[in-house]
Amino acid sequence: AEAVERVLLVGGSARIPKVQALVQSAFAGKELSFSVPPDEAVVIGAAIQAEALVGFKLSTSSAATTPVPCTPQAICIGGHQGDTALVIGAGCALPVEKLVNIPLAEAGQATALVRVFEGQPGPQDNAKLVGELTLSGIEEGPLTVSIAVDVEGSLTLHAKDASGTARHNVTISPAEDAA
């Protein structure tokens, strides 16, 4: 650890405070460096590895590179039992839109709360709520939910019932989500 001059964290786990603390303690309290965006470093590393595997020469000229906006975190939909299910994975190129069919919790259900979370699938307590909508006037299930994220990071949530009678949309901009 004494021979190490600098510790550079990359990847999604670099954002986790506990991981940062463990790495810093493993390197005798050396200051951690965040001079390279963690996700960008992973993408560049993957491109270099792909180049080595395929033999295709990548251009190193900055004029020839085009950054592709991606989802920084997975986007999940909340279930009525307190869990989340993956809809759009982390690192998915933008713009992106995915559809998911959701069965109704009970027969004759007239309203449904559709909640969208950022984070890994699992308990809703472990994810960040980014938006929700209430769909009223449901005539029949399942619900069709569309989640779209544009290149600016705005998320649009659209839900409708199987009859097409009940419909509702909501858009969440990155500025709203940051609050």
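Computed from a predicted model, the values in this text were never measured in an experiment.
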Side-chain heavy-atom pair I147, V145 within 4.5 angstrom cut-off: yes

Spacing of L157 atom CG and N169 atom CG [to the nearest 0.5 Å]: 8.0 Å

Backbone N/O of D83 and side chain of Q124: donor-acceptor pair under 3.5 Å: yes

From S163 atom OG to E140 atom CD, the distance as rounded to the nearest 0.5 Å: 5.0 Å

Main-chain N/O of A14 paired with Q20 side-chain donor or acceptor, under 3.5 Å: yes

Which atom of F117 lies closest to which atom of A127, heavy atoms considered: CB-CB, 3.7 Å

For the student: nearest non-hydrogen atoms of V96 and K98, plus distance: CG2-CE, 4.0 Å

Side chain to side chain contact (heavy atoms under 4.5 Å, CB included) partners of P121, counting only residues at least two apart: C76, T84, L86

Least distance between heavy atoms, D161 atom then G137 atom: OD2-O, 4.1 Å

Distance in Å, R115 CZ paired with T134 OG1, rounded so as to fall on 0.5 Å steps: 10.0 Å

Side-chain donor/acceptor of Q24 to backbone N/O of K30, under 3.5 Å: yes

side-chain contact (heavy atoms from CB on, under 4.5 Å) between E132 and V116, intermediate numbers included: CA-CA 6 Å; E132 60 184 26; V116 177; over 6 Å; no

Distance in Å, L99 CG paired with S146 OG, rounded so as to fall on 0.5 Å steps: 5.0 Å

L113 and T111: CA distance, side-chain angles, deciding distance, side-chain contact (heavy atoms from CB on, under 4.5 Å) verdict: CA-CA 7 Å; L113 177 64; T111 63; over 6 Å; no

Heavy-atom pair with the smallest gap, counting every atom of V114 and A159: CG2-CB, 4.4 Å

Whether T71 side chain and G91 backbone form a donor-acceptor pair below 3.5 Å: yes

Test item: N101 side-chain N/O and P142 main-chain N/O as donor-acceptor pair under 3.5 Å: no

Linked, directly or transitively: L9 and V43 (ILVMFWY side chains, under 4.5 Å): no

Same apolar cluster (I L V M F W Y, side chains within < 4.5 Å links), L155/L94: yes

In one Ile/Leu/Val/Met/Phe/Trp/Tyr side-chain cluster, 4.5 Å: V19, V4: yes

Donor-acceptor side-chain pairing of S154 and T171 below 3.5 angstrom: no

From T144 atom OG1 to H158 atom NE2, the distance as rounded to the nearest 0.5 Å: 8.0 Å

Where F27 and V7 come nearest, the two heavy atoms and their spacing: CG-CG2, 3.7 Å

Non-neighbouring partners of R167 that pass salt bridge (charged side-chain N to carboxylate O under 4.0 Å, His left out), sequence neighbours left out: none

Contact summary for G131 and I172, nearest pair of heavy atoms: CA-CD1, 3.8 Å

From K160 atom NZ to I138 atom CD1, the distance as rounded to the nearest 0.5 Å: 13.5 Å

